[in-house]
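In the text below, chain A, chain B and the rest are named by the order of the sequence lines, each starting its count at 1. Because only heavy atoms are used, hydrogens play no part in the values below, and waters and symmetry mates are left out as well, while side chains stay in.
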Amino acid sequence: MPARRKPRRSAKTRARAKRRREGGRAGSPRRTRAKRARSRPRARAARRPARRKSRKGPKVRARRTRRRPAFDPRAVERKWQAAWAGAHAFEASAEPSRPKWYTNVPYPYMSGYQHLGFALSFLRAEFQSRFRRMTGFNVLHPQAFHCTGLPILGAAKRVAENEPRQLEILKWMGVPGAEVRKFADPMHWIDVFPAATTRDLVGLGAAIDWRRSFITTPLNPPYDAFVRWQFRRLKDSGYLRVDKHPVVWCPKDQAPIGDHDRLEGEGETPVEYTLLKFPLPDGRLLVAATIRPETVFGQTNLWIDPRAAYVVARVGGERWILNEGAARKLAEQAKAVGVEGPIRGADLVGKEVVAPGINRAILILPSTFIDQGRGTGIVTSVPSDAPDDLVALRDLQKDAALLKRYKLDAERVRGIVPIPIIRTPGWGPLPAVEIVDRMGIRSQDDREALEAAKAEVYRSGFYQGVMNENCGHLAGVRVEVAKEEVRRQLAASGQADLMYEPSGEVVCRCTTRAIVKVVEDQWFLAYGDPSWKTKVHEALASMALYPEAIRKQFDYVIDWLRDWPAAHHRGLGTKLPWDDAWVIESLSDSTVYMAYYTIAHALQGGALRSEVPWASRLDDAFFDFVFLGKGAAAEVAARSGVTREILEALRSEFLYWYPFDLRNTGKDLVQNHMTFCLFHHTALFPKELWPRGFGVNGFVQMMGRKMSKSRGNVWYIRDALREWGADVLRLSVANAGDGMDDPNIDTDFAASGRSRLQEWYAFAVGHHATRSDRRTVDAWFLSTMNRSVASAREAMEQMNYKAALRHGFFDLQAAWAWYVRRAGGRPHAHVLARFIDVQTRLLAPFVPHVCEEIWSRIGGKGFVSHAPYPVAETSEVDVTAEAAEGLLSSTIADVREILKVTRIAPKRIAIYTAPSWKLRVHAVALEMARAGPIAMNALMAKTLEDPGMRERAKDVASYAKKLTDDLRHARPEDLVRRAAVADEAARFLEDREFLARELGARVDVYRADDPGRRDPAGKAEHAIPGRPAIYVE
RNA sequence: GCGUGGGUAGCCAAGCCUGGUCAAAGGCGAGGGACUCAAGAUCCCUUCCCGAAGGGGUCCCCAGGUUCGAAUCCUGGCCCACGCACCA
């Protein structure tokens, strides 16, 4: 702290304090301490991303210190964080007599400081933990750190190589220049970031049981053993399988290229090409690649680029002709390929080959459109449906010189015509002809137009097309189906084979163009298994989802998942127990570790990397016992080197906590991690231990924009804490938005939230003038407060925090402001105390630090974090008081409306309440409405029985008509409300002074049938129950 | 293309499932007022159009439909966001 002068208040501030002491007015909470917030300049600074420079100069700091003598959020936050830690406030153990609640979030990956994205997903879970704790649950909320996989290794390697971008990232995160070198070692990352994340979370006020924290990978032996156990069990269950697997592959690095390793081609995946074999008379096979095998029925010729070089290669027992690139690719795709020698394209032109599928002799013709980097460099020609083929054919047919050069039979070539093979709605028999003519494509070198044409024909043909009569037994079959069928049949008859290519151009970070490799002995998790999927759907069906809207997405993902390669040869992680060469991939090792948390405090011994001797030698028997209840305790204990008591305690601890009640995450994990989590739970655990709830949120935005490095608006948790402190940040996160839309952190809201919290603090601990006589407004406020409590509670249960904040904070504060105004600045002492108590507890899950501080000062017992969440007292809900207040405010609104329209500056305002005969009709109508829809004549008959009614039967009829219309759709509670204010005139008389103050004029109140009323404009006759007549002069 | 979610006043955003109480909550922005020497903060009022009496008109992406009645239900269309994998 810099040296500072003794806080000195201005004359004005002193005067205000004096007023307060003397009970001049209680004011609304927001009025009392408005001065010191100074949030303008800071709010502006907050709009910039945190570049940790000294944006708050000494001047600002000094002023702030002087102006805020009583409440320093940072000090308060530190104070209570220390108090919680000292009291072990959030360390949870099994207590069989109490209901439990178990929340967790996916552990974050340790390749850097955590930013607000993680903070948001974490806090949405943490709010729930704190809320549930206050509603009486024994709450477990642990947090671990993920180190498995490639990114840490990759980043460390890039630091070692001094890659500028990587160094820039470290600098951006705030790593001092001198420290950067250390990050060349992956272990340094694992030392630094879990500790840093822990500090960030503590600073955030997270209510975590830190005894259960750990890191992943073999660096932490018990966790490593746990993952091995999991994989052996999965293998036993038959959910782990070996198979071939195509991956996008860098031939230079000899490694698969994930999306993040690509310079180009994000999202591209391996696609299957059908290799069609065209025998030459000598038995060699020309091999063409296609993604449209169903078009074999329309083949007219084969295309070769006469300028290109091809090779003859021995593949299996056959001799294939294809280009050299294709030979190399096939060698990576589980085929034995031996190149024998070159062969020129030009030498093949003009020969005859037999087309597969149709078994007809066709000519090999020259063309220039073939992409030699894709497929085999040889293409079969289907001019009916392939624009490329059609245009190339036309080019050739027109080109006598070319025909002559290759000694082609001009007559035969010119005789080639497209063969209609597919019928597509909206298209003629020859789509390629149609589109080429429509687009006016003249040459096979007009690549752009041809690509567009191809895409259009392909799309409509694939989804809507049906095979023609000339397609043998596939006649009438949809293209989508026929495609697979043709491929299958040709492969079975040896006329076709398979080749993979990336679905689009992919370039590795090392600038090499990617190919597809088929990995031979890949281990898969069999997510494609239909019976497994069925169980997962079942698990999902019994879960709570927040928001419910995400359910369909989960169901879709469950069906969509195929077998997942679960291990690779690089990266950090647990080795496959039966094959050292494989490392379990990071999404696969992190699916059921929520179970590990339940016993982690014992296994970790207080360290992220366990050094507990017995825990570093765990075998499957231990986990079988603890998680599955298998085996004999004594025997397992003896093997593990742990006492039987501890072992059995761990078993019951697991059974107490499991399954978890809520796991919350960003929506990016829905289609992998969260769904995997379900798969693995159904595979390993009995039904009663399957997850109970998932929460999903969108991606955090700052001021309506996505947070991204390129925009320079990435906020790390530490930056936000420095800028706003924990409570303001938490409040901003709670207010950022519910549901699946991207939540938006609004710095303007943060600024005003900061001052609102300060106002609230000052109000809650301040002194206020009060009174002890009961008034209608007191009942109104208590009633309103209880409704707020009920709404807030319901919103909390649904994880709708923005709504909870609105009900439980903003609306409640607004109600208080109205109450104080209505009460002439003097709240009832008990109401005031109730308000402060309830408001503090409603806010506690969101802003626990300031609430603890208030709680301790208003005499709360223990931590507010452990105090009961407010319960709506139905006995305090007072419909009469609410109706009375509603009548008052709607009358004020009506008067204002009149003043606005007439632009009268009122000297006097008269209010006329309904005459007794209307009250009578109204009462009778309400009575009848209770029994069902009112019949007009019945109402008339009933009311006219009363003395004096017959004389004004006409008026009665017209009012009764209006009423019956009005009440036709009234609900029971409307009837109660309408009946609530028995004596409206008394109501207004009681509040005459208030009305006069609000409306700025004298207010007179009359009953409409009061003979002594003053009614120069004859307004009184318009008065009806619930709507007094008004006269302004 | 497939899947999911969505399009509401100047902007953000609730309501839609369970039709009427909806000219449609709340926030921001804007205007006016109170307080103040003043600014900020705070509080009050206003903020679709018309209106010298609390009223009327037109509205919830577009076009149809169901209904006594539609922001809400149905059909069709247009547009936007996210995901489509082996990776955190």
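Between the C1' atom of B/rG26 and the CZ atom of A/F749 lies a distance of 11 Å, rounded to the nearest Å. When rounded to the nearest whole Å, the span between CH2 of A/W249 and P of B/rC87 equals 11 Å. Rounded to an integer number of Å, the gap from NZ of A/K802 to C1' of B/rC28 is 10 Å. Per the geometry, CG belonging to A/L525 stands 14 Å off C1' belonging to B/rA85, to the nearest Å.
Closest approach to the A/N672 side chain among B/rU42, B/rA88, B/rC44 is made by B/rA88 (side chain taken as heavy atoms from C-beta onward). Closest to the side chain of A/R896, out of B/rG54, B/rG26, B/rC45, is B/rC45. Of the candidates B/rA88, B/rC45, B/rA85, the closest approach to any side-chain atom of A/W564 belongs to B/rA85. You'll find that the side chain of A/W560 is closest to B/rA85, out of B/rA14, B/rA13, B/rA85. Listed candidates were B/rC87, B/rA88, B/rG55. Nearest to the side chain of A/E897 is B/rG55. Nearest to the side chain of A/L150, among B/rC87, B/rG51, B/rA85, sits B/rC87. Of the candidates B/rC82, B/rA52, B/rA85, the closest approach to any side-chain atom of A/F699 belongs to B/rC82. Side-chain proximity of A/K900 to B/rG54, B/rC87, B/rG51: nearest is B/rG51.
Here the side chains of A/T891 and A/F988 are in contact, with some heavy-atom distance below 4.5 Å. Counting heavy atoms from C-beta outward, A/V670 and A/T665 have side chains that stay 4.5 Å or more apart.
Applying the Watson-Crick and G-U wobble criteria (two distances, each under 3.5 Å), B/rC17 pairs with nothing in any strand. Using the Watson-Crick or G-U wobble rule with both distances under 3.5 Å, B/rA23 pairs with nothing in any strand shown. When Watson-Crick and G-U wobble pairs are counted only if both distances are under 3.5 Å, B/rG76 pairs with B/rC62. Shown here, B/rA81 forms a base pair with B/rU4; the pair counts as Watson-Crick or G-U wobble because both key distances fall under 3.5 Å. In this structure, B/rC48 forms a base pair with B/rG57, meeting either the Watson-Crick or the G-U wobble geometry with both donor-acceptor distances under 3.5 Å. Nucleotide B/rU36: unpaired (no Watson-Crick or G-U wobble partner with both distances less than 3.5 Å). Base pairing annotation: B/rA88 forms no Watson-Crick or G-U wobble pair, as no partner gives both donor-acceptor distances under 3.5 Å.
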Between protein and nucleic acid, restricted to nucleotides 4-9 of chain B and to nitrogen or oxygen atoms under 3.5 Å apart, what atom pairs and distances do you find?
| residue | atom | partner | partner atom | Å |
| --- | --- | --- | --- | --- |
| B/rU4 | O4' | A/Q553 | OE1 | 2.9 |
| B/rU4 | O2' | A/Q553 | OE1 | 3.4 |

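Atom CG of A/L545 is separated from atom CZ of A/F694 by 8.0 Å, given to the nearest 0.5 angstrom.
Across all strands, A/V895 comes closer than 4.0 Å to no nucleic acid atom at all (heavy-atom distances). Using a 4.0 Å heavy-atom distance criterion, A/F524 is classed as making no nucleic acid contact.
Annotation: A/Y527 is in aromatic contact with A/F679 [ring centroid separation under 6.0 Å]. Not less than 6.0 angstrom separates the ring centroid of A/Y239 from the ring centroid of A/W523.
Between A/K533 and A/D555, none of the side-chain N atoms (NZ, or NE/NH1/NH2) sits under 4.0 Å from a carboxylate O, so this pair counts as no salt bridge. Of the charged side-chain nitrogens involved, at least one lies within less than 4.0 Å of a carboxylate oxygen, so that A/R806 and A/D811 count as a salt-bridged pair.
Both A/A814 and A/V901 sit near RNA chain B, but only A/A814 has its closest nucleotide nearer the 5' end. Each of A/H245 and A/R821 was assigned the nucleotide of RNA chain B with the nearest heavy atom; the assignment lying further toward the 5' end belongs to A/R821.
Rounded to the nearest Å, the gap between the P atom of B/rG55 and that of B/rG6 is 36 Å.
Note on A/R903: every side-chain N or O is 4.0 Å or more away from OP1 and OP2 of B/rU46.
Side chain of A/K483 to backbone of A/I291: a donor-acceptor contact under 3.5 angstrom is found. A/Q166 contributes no side-chain N or O that, together with a main-chain N or O of A/G154, makes up a donor-acceptor pair within less than 3.5 Å.
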